[in-house]
Amino acid sequence: MTALLDVILPVFLVLGFGYLAVWRGLFSADGADALMRFTQGFAIPCLLFRAISSLDLGQHFDPPLLLSYYGVAFLCFCLGALGGRFLFKRDWEDSIVIGFCCLFANSVLLGLPITERAYGPDALSANYALVAINAPFCYGLGITAMEVVRNRGSKLRLAVPKVAKAMFGNNLIIGISLGFAVNLGGIPLPGVLTDAIDMMVRAALPAALFGLGGVLVRYRPEGDMRAILYVCMITLLVQPALSYAAGLGFNLATDAQRSLVINAAMAPGVNAYVFANMYGRAKRVAASSVLIATALTVVTAWGWLAVLP
């Protein structure tokens with residue numbers, strides 16, 4: 001009960017305040033969109049830049065950690081896509097979107113604040129290592145798979161520029177890439193610049209949580225409930241369970257195991273709906289999965305925190 005009250009509820013209360021404010025007309029839906037554009041386009045890229053630029057890459061970019069997370073994520077993508085095709089009889093395009101919903105966990109807006117509140121800011125290094133390649137991996141896999149099924153392998157070369165555009169036109173990727181450049185190049189940053197960036201960083205997560213709550217108001221759960229609940233099961237139960245087992249198999253350090261499981265246990269992020277909207281496929285499944293799984297995370301994250309050392 002202490003974990004629920006002290007760690008999880010404050011995160012979801014901020015999110016709930018955003019939801020309530022937009023739902024009751026105290027804050028406009030356009031304002032929530034603008035807040036999300038600020039956080040995802042500027043504040044969170046600053047946060048990731050600062051984290052990656054000062055991260056000990058040799059220590060925290062641990063191959064067993066990355067394999068434990070992304071190997072399981074790939075498996076869950078396959079489970080989602082195959083489930084969409086053979087359990088729910090959707091066409092392959094819809095099934096790829098369902099697979100993407102099972103793949104793209106909300107590791108930034110939920111994983112980071114929950115890990116920080118549970119274990120402190122010093123426990124976030126493994127989170128940043130996972131976040132650094134999350135968008136390139138997920139968008140690369142999702143877009144490539146979608147282009148393969150849309151073109152049935154005949155024009156696979158057309159997927160390459162779309163993958164590159166989705167990855168390197170994304171502000172989160174730009175922030176991460178600049179962080180790597182500063183880190184690997186040993187580039188010193190003037191104090192006045194880091195102070196300004198740190199001011200942006202302090203606004204990133206609370207503003208993003210409030211904005212996410214406001215955005216979720218428009219995602220009404222309706223129809224396709226079997227597919228939606230399937231996505232919730234994969235993302236909130238199957239993926240963290242398999243990641244937990246993989247981490248034990250690789251004998252990960254305690255901090256890495258915590259970050260691994262918490263990231264794997266998060267609901268699909270808004271990027272799942274962005275991907276569905278990009279192709280005009282399974283948008284209702286994606287939107288409702290984001291909303292319902294985010295609400296369920298209040299309970300499931302509590303359970304995973306109780307399991308973790």
Side-chain angles (χ1 to χ4, degrees), residues 67 69-107 133-170 172-173 218-243 246 263-294 296:
L67 182 59
Y69 186 81
Y70 287 106
V72 169
F74 175 78
L75 177 60
C76 289
F77 171 81
C78 295
L79 289 174
L82 293 174
R85 180 62 176 160
F86 296 109
L87 291 178
F88 309 115
K89 309 303 179 185
R90 308 292 286 253
D91 60 29
W92 274 115
E93 286 84 351
D94 279 9
S95 299
I96 294 301
V97 171
I98 293 172
F100 193 86
C101 291
C102 295
L103 168 71
F104 208 125
N106 201 343
S107 54
I133 59 175
N134 193 46
F137 177 86
C138 294
Y139 272 112
L141 176 59
I143 293 173
T144 301
M146 182 64 83
E147 293 302 321
V148 168
V149 300
R150 291 179 77 194
N151 297 287
R152 299 300 187 266
S154 62
K155 299 177 182 178
L156 183 56
R157 68 183 184 280
L158 299 178
V160 175
K162 292 188 177 184
V163 173
K165 181 179 179 181
M167 291 193 298
F168 297 105
N170 185 303
L172 299 179
I173 305 259
R218 75 190 58 165
Y219 297 158
R220 309 286 184 183
E222 51 183 0
D224 297 315
M225 284 306 298
R226 290 175 63 238
I228 293 164
L229 292 176
Y230 182 77
V231 170
C232 293
M233 180 188 70
I234 296 294
T235 56
L236 302 181
L237 300 176
V238 175
Q239 187 168 355
L242 294 177
S243 296
N263 277 276
M266 294 300 100
V270 174
N271 279 303
Y273 180 74
V274 170
F275 182 81
N277 193 56
M278 183 172 21
Y279 287 102
R281 290 288 189 157
K283 293 193 291 184
R284 185 164 57 188
V285 173
S288 296
S289 295
V290 171
L291 176 61
I292 294 173
T294 299
L296 291 175

Using atom types as modelled and distance alone, determine if a side-chain donor or acceptor of Tyr70 lies under 3.5 Å from a backbone N or O of Asn134.
-> yes
Considering only NZ, NE, NH1 and NH2 on the basic side and carboxylate oxygens on the acidic side, decide whether Arg90 and Asp224 come within less than 4.0 Å.
-> yes
Kindly indicate whether the side chain of Ile143, heavy atoms from C-beta on, has any atom under 4.5 Å from the side chain of Tyr279.
-> yes
Pairwise distance CG(Leu79) to CD(Gln239) - rounded to 0.5 angstrom = 10.0 Å
Quick one: CE on Met146 to CG on Leu141, what's the gap to the nearest 0.5 Å?
-> 11.5 Å
Working for side chain to side chain contact (heavy atoms under 4.5 Å, CB included), residues Ile292 and Met225 = CA-CA 10 Å; Ile292 294 173; Met225 284 306 298; 4.0 Å; yes
In short, Arg281 meets Asp94 closest at the heavy-atom pair CD-OD1, 3.1 Å
Look at the aromatic rings of Phe100 and Tyr139 and report parallel, tilted or perpendicular, splitting at 30° and 60°.
-> tilted
Is there a side-chain contact between Pro268 and Val231, using heavy atoms and a 4.5 Å cut-off?
-> yes
Point-to-point distance, once rounded to the nearest 0.5 Å, from CD1 of Ile96 to SG of Cys101 = 11.5 Å
For the rings on Phe88 and Tyr230, is their centre-to-centre separation under 6.0 Å?
-> yes
Can you tell me how far the OG atom of Ser95 sits from the NZ atom of Lys89, to the nearest 0.5 Å?
-> 10.5 Å
Looking at Arg85 and Asp91, does any basic side-chain N land under 4.0 Å from a carboxylate oxygen?
-> no
Show the numbers, then the answer: is there a ring-ring contact (aromatic ring centres under 6.0 Å, His included) between Phe77 and Phe104?
-> CA-CA 9 Å; Phe77 171 81; Phe104 208 125; over 10 Å; no
Kindly compute the distance separating CG (Leu237) from OG1 (Thr235), expressed to the nearest 0.5 Å.
-> 8.0 Å
In this structure, SG of Cys102 is separated from CZ of Phe74 (nearest 0.5 Å) by 13.5 Å
Heavy-atom pair with the smallest gap, counting every atom of Pro240 and Ile234 = CD-O, 4.3 Å
Taking every heavy atom of Ala81 against every heavy atom of Trp92, the minimum-distance pair comes out as O-CZ3, 4.2 Å
Flag side-chain contact, heavy atom, 4.5 Å: Val97 against Val285 | no
For Ala265 and Leu236, which heavy atoms make the closest approach, and how far apart are they?
-> O-CD2, 3.4 Å
